[in-house]
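Below, chain A is the first sequence line, B the second, and so on; all start at residue 1. As the structure is a prediction and not an experimental result, all values here were calculated from the model.
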Amino acid sequence: MTPDRVVAALKPAALEDRSEAGVDAAIAAIVATPRSAPAARGTARRPLWPAVAGGVAVAAVAVTVVGVSTHRSGRPEATVVPAPPKASKVPNVQAAALSFTRTGRYLTVKVKDPVADPARYEEEFAAHGLNVDLQLAPTSPKKAGEVLFVEDDGGGRVKMITAPGHCGSDTCGVGIKIPLTYKAFVRVIFGRMPGPGEHYNTGPGDTPGEGVGLSNVRGRTVADVLAEARRKHIGDIGYRWQPTSAAEEGDKQPYPMGIPADKVKGDWRVYDAVAGVGGEVLLFVHPAG
Amino acid sequence: MSVAHDEDSGDDAEAFTTIYRRYHTRVLGYALVHSRRDVAEDIAHETFLTAWRKLEEIPSDDPLPWLLGVARNHRLKQLAAGHRREAIAERIERLSDERDTAAWDTGDLVVERAAGLAAFASLPETDAEVLILSAWYGLSAARAATVLRCTKALYYVRLHRARRRLARALQERTHSPAVRLDLVEGNRS
């Protein structure tokens with residue numbers, strides 16, 4: 001018996017259950033949403049992940065190049081420019097993404113390249129016998145250098161090295177301090193400065209809309225926010241229903257799959273604007289009144 | 001605000017409909033193994049919205065790794081946004097029903113289902129994720145590496161490590177020589 005057979009047998013049958021109900025409506029709702037313009041695609045845009053062809057090593061292709069070294073200002077208004085991040089030539093030889101220093105029975109690991117592909121961090125951790133999934137996600141400048149998420153299967157003996165507000169240059173100063181013998185799985189996500197024009201997730205304490213380069217969107221009309229988006233060349237916009245009462249939560253809302261653009265009126269109110277995947281901006285809206 | 005449709009939009013809608021009908025269950029299943037049902041449904045919805053927007057990027061001969069990669073991306077966004085997650089083994093337990101116990105009993109698996117699940121639950125989440133992609137979706141190394149956005153070489157390392165850890169955990173729980181550590185090396189897909 002192989003371990004694979006055990007894993008295969010653990011697959012719940014319920015995962016294969018098909019639900020035919022509502023499928024046509026779901027497809028129709030998606031097909032009614034706008035596509036991104038073909039002109040926006042191509043080399044200027046970072047792919048979601050590298051194309052895997054044959055035995056080609058792809059880690060180098062996946063590196064995000066967003067020009068962080070030229071980016072020092074701490075103010076979001078100054079850092080957000082309308083153009084999407086431009087990919088530039090990626091060198092074949094890469095410097096280490098992490099630095100490892102031994103102090104007593106601990107290993108201090110610091111991030112040297114805050115925009116490296118997470119797979120590179122993982123490879124370098126693995127080379128030291130550690131099972132760490134470390135990621136740096138773009139965040140609001142005031143949360144740069146802070147821990148956004150942590151998961152530790154080994155009793156929490158890993159210490160985080162944070163650098164609040166100081167994660168804007170190439171050496172961002174965040175990292176972890178981990179016992180030498182630690183074998184447990186650790187996942188940690190640090191915030192880093194967004195690159196010019198790069199979207200980031202927002203949460204409590206952030207200004208609604210700042211993560212997608214818009215000024216505070218809350219309470220403004222759709223028409224007003226769209227005018228600002230046009231000025232800033234943000235064209236890839238999707239709409240989501242903002243529930244304003246418990247009766248509109250989840251599937252009870254009119255458009256659980258997203259609102260087709262032609263159903264949204266200019267006088268509707270905007271509650272938030274967040275980053276979708278692949279450069280899309282999602283506006284959370286609700287009819288006025 | 002009108003929706004821009006090009007001349008091919010009818011064909012596109014047809015192609016998208018085919019992909020949705022064929023893969024929605026599997027994408028939702030992937031999300032369900034990692035997230036609560038309401039979050040998982042969001043992830044599946046967002047995945048197919050992305051698929052519609054980026055239809056040209058989907059490899060027409062093999063959409064599944066592309067779709068799972070996008071689903072994983074949406075899932076990690078939820079994580080980064082601070083959503084609590086459950087372990088994969090917890091999710092499996094929650095999703096299982098009498099069909100699974102019946103199938104296990106007729107499956108000639110040597111170990112008890114509870115022991116198998118306990119061994120699986122002792123693994124780090126990265127191990128569990130890799131094992132599932134291989135054993136449940138039958139993804140080859142290149143396809144699984146597409147989903148995980150890592151190199152094929154790194155995927156092999158992770159899969160091998162995960163199989164060894166699971167084999168050891170099974171042995172500890174069953175004291176069964178039937179768990180063949182030597183077979184862990186083989187069966188590379």
Results of side chain to side chain contact (heavy atoms under 4.5 Å, CB included) for B:R26 - residues two or more places apart only: B:Y23, B:L64, B:Y137

Heavy-atom proximity to chain A below 4.5 Å, by part of B:E46: side chain

Per-residue contact mode, B:R94 against chain A (heavy atom under 4.5 angstrom): neither

Leading residue by heavy atom contact count with chain A [cutoff under 4.5 Å; candidates B:G29, B:A89, B:A135, B:G116]: B:A135

For chain B, the option from A:V186, A:D17, A:L15, A:I30 that forms the most heavy-atom pairs under 4.5 Å: A:I30

Over 12 foreign heavy atoms within 6.0 Å of CZ, B:R21: yes

Which atoms of A:A275 approach chain B - backbone, side chain, both or neither, heavy atom under 4.5 Å: both

B:F120 portion near chain A, given a 4.5 angstrom heavy-atom threshold: side chain

Student check: side-chain heavy atoms of B:L148 and B:Y155 closer than 4.5 Å: yes

Exceeds 12 heavy-atom contacts within 6.0 angstrom, atom CZ of B:R99: yes

Residue part contacting chain A, namely of B:R161, when any heavy atom lies under 4.5 Å: side chain

Flag side-chain contact, heavy atom, 4.5 Å: B:R75 against B:S35: yes

Top of B:L117, B:T47, B:L32, B:D38 for chain A proximity - count of heavy-atom pairs under 4.5 angstrom: B:L117

Side chain / backbone / both / neither for A:E16 at chain B, heavy atoms under 4.5 Å: backbone

Which of B:R113, B:E93, B:R158 touches chain A most, by non-hydrogen pairs under 4.5 Å: B:R158

Carboxylate-amine/guanidinium contact B:D127 B:R163, below 4.0 Å: no

Non-hydrogen side-chain atoms of B:W104 and B:V111 separated by less than 4.5 Å: yes

